[in-house]
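Counting begins at 1 with the first residue of the sequence. The analysis underlying the following values was restricted to heavy atoms, covering all of them including side chains, and did not include hydrogens, waters or symmetry mates.
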Amino acid sequence: MAPRKLAAGNWKMNGDLAALAEIDALVTAHPAPGCEVVICPPAVLLHPMKARAGDAIALGGQDCHANRSGAHTGDIAAGQLKDAGAAYVILGHSERRADYGETDAMVAAKAAAAHAAGLTAIICVGETEAQRDGDETLTVIASQLDGSIPEGATAANTVIAYEPVWAIGTGRTPTADQIAEVHALMRERLAGKVQDAAQVRLLYGGSVKPGNAAEIFAVPDVDGALVGGASLKAVDFGPIIAALAAA
């Protein structure tokens, strides 16, 4: 049985208590969505959002530390995310890799911590514009996958999100053929690392909008999306959820 397709929203450093009204609107419009829906808000919103999301929407964190606890001022542990109501956590996003110098090994350690805490890790990979133009995309993605997925990863505790860096927040998206090429590589590469590789959900992320969602979801091996800006408003994220449910 194939796993449910997944529409994940990454709010990044956006939103406040007033923004929880968007969750109310989303639940009202999609009380029983035909796909799994996850919102990953800033950590301070997890607990109050949980009460509004009910069973229709799962929640996730945007990062976690590799350690269970300790003297790590400003960080958050996977177990703390779980305790606040999260079921998922985004790891290795290009913004974390670029802004904080996160390596594949660091991402793998965080993913292992997430698994130990009972969270599903959404592990992000993606090439820069220079790497795309230099015909290095497949090499980069293969290397990131090899280094970022920890031992013990399964289809139940791991999701992979392909987010070309040059498409995030730019309005640009790869062609359907380019997305298909990368997702096919990821599926093949996972076969050597995850026992149930065929069941691992592969998401596309990078300027996903209501206007292009259906086309993206028609691409082979695309099992959903990791959505940034368009997930902040129910009026934008709702049509993406509907498109995925219909795919």
Go through the side-chain N and O atoms of T128 and Q131 and say whether any donor and acceptor fall under 3.5 Å apart.
yes

Counting only heavy atoms from other residues, nucleotides and ligands, does the tally under 6.0 Å from CD of E188 exceed 12?
no

same_hphob_cluster(F217, F237) at 4.5 Å side-chain heavy-atom cutoff
yes

Step by step, work out the side-chain contact (heavy atoms from CB on, under 4.5 Å) result for N212 and V208.
CA-CA 6 Å; N212 63 16; V208 179; 4.1 Å; yes

Validation row: N14, P42 side chains within 4.5 angstrom (heavy atoms):
no

What's the verdict on side-chain contact (heavy atoms from CB on, under 4.5 Å) for V27 and R52, showing C-alpha distance, side-chain angles and the deciding distance?
CA-CA 8 Å; V27 171; R52 314 282 276 266; over 6 Å; no

Measuring from atom NZ of K110 to atom CG of N67, what distance do you get when rounded to the nearest 0.5 angstrom?
10.5 Å

Quick one: closest heavy-atom pair of A53 and L59, and the distance?
CB-CD2, 4.3 Å

Would you call H115 and P150 a side-chain contact if the rule is heavy atoms closer than 4.5 Å?
yes

Specify the closest pair of heavy atoms between K50 and A84, including all atoms of both residues, with the distance to one decimal.
CB-O, 4.4 Å

Check: G70 main-chain N/O paired with D75 side-chain donor or acceptor under 3.5 Å
no

For the atom pair CZ (R97) and OG (S148), what is the distance rounded to the nearest 0.5 Å?
4.0 Å

R187/D223 salt bridge by N-O under 4.0 Å criterion:
yes

Flag, side chain of D133 to backbone of A130, donor-acceptor distance under 3.5 Å
no

side-chain hydrogen bond (donor to acceptor under 3.5 Å, both in side chains) between Q62 and H93: does it pass, once the steps are laid out?
CA-CA 9 Å; Q62 297 178 13; H93 192 281; over 6 Å; no

When you check the side-chain N and O atoms of R201 and T120, is any donor under 3.5 Å from an acceptor?
no

Considering non-hydrogen atoms only, spot the tightest contact between P239 and P210 and give its length.
CB-CB, 3.9 Å

Connected via hydrophobic side-chain network under 4.5 Å: V219 and L244
yes

As an exercise, state the distance from SG of C124 to CG of L226, rounded to the nearest 0.5 Å.
5.5 Å

Starting from the C-alpha separation in whole Å, work towards a yes-or-no answer on salt bridge (Lys or Arg N to Asp or Glu O under 4.0 Å) for R189 and D146.
CA-CA 8 Å; R189 202 78 180 184; D146 289 348; 2.7 Å; yes

Is there a side-chain contact between L91 and D63 (heavy atoms, below 4.5 Å)?
yes

Is it true that E36 and R4 make a salt bridge, defined as a side-chain N closer than 4.0 Å to a carboxylate O?
no

Transitively linked via ILVMFWY side-chain contacts under 4.5 Å: I160 with I216?
yes

Short question: side chain of E22, backbone of A234 - any donor-acceptor pair under 3.5 Å?
yes

Measure the SG-CG distance between C64 and L119 for me, rounded to the nearest 0.5 Å.
7.0 Å

Which atom of P174 lies closest to which atom of P164, heavy atoms considered
CG-CG, 3.7 Å

Side chains of V227 and D236, heavy atoms from C-beta outward: is any pair under 4.5 Å?
no

Within the 4.5 Å heavy-atom criterion, are E181 and L138 side-chain neighbours or not?
yes

Does atom CG of D99 have more than 12 heavy-atom neighbours, drawn from other residues, nucleotides or ligands, at distances under 6.0 Å?
yes

Evaluate the criterion side-chain contact (heavy atoms from CB on, under 4.5 Å) for residue pair L185 and T137; output intermediate values, then yes/no.
CA-CA 10 Å; L185 169 81; T137 296; over 6 Å; no

Are I123 and L81 in one and the same hydrophobic cluster, where Ile, Leu, Val, Met, Phe, Trp and Tyr link if side-chain heavy atoms are under 4.5 Å apart?
yes

Testing the basics here: between S231 and W11, what is the closest heavy-atom pair and its distance to 0.1 Å?
O-NE1, 3.0 Å

Tell me, please, which residues at least two apart from K12 pass side chain to side chain donor-acceptor pair (under 3.5 Å).
E95

Taking all non-hydrogen atoms of both residues into account, name the closest pair between G152 and N157 and its distance.
O-ND2, 3.3 Å

Answer yes or no: is there a donor N or O on one side and an acceptor on the other, between the side chain of D196 and the main chain of A155, under 3.5 Å?
yes

With a cut-off of 6.0 Å (strictly less than), are more than 12 heavy atoms of other residues, nucleotides or ligands near NE2 of H47?
no

CE of M49 to CD1 of I39: how many Å apart, nearest 0.5 Å?
6.5 Å

dist T158:OG1 -> L190:CG (nearest 0.5 Å) comes out at 9.0 Å

Under 3.5 Å donor-acceptor, Q144 side chain and G126 backbone:
yes

Checking the side chain of S143 only, and the main-chain atoms of T139 only, is there a donor and an acceptor separated by less than 3.5 Å?
no

Tell me if the CG atom of D16 is crowded by more than 12 foreign heavy atoms within 6.0 Å.
yes

Which word best sums up how the rings of H183 and Y204 line up, parallel for under 30°, tilted for 30 to 60°, or perpendicular for over 60°?
tilted

Do the side chains of V37 and I23 join up, straight or via other hydrophobic residues, at under 4.5 Å, putting them in one cluster?
yes

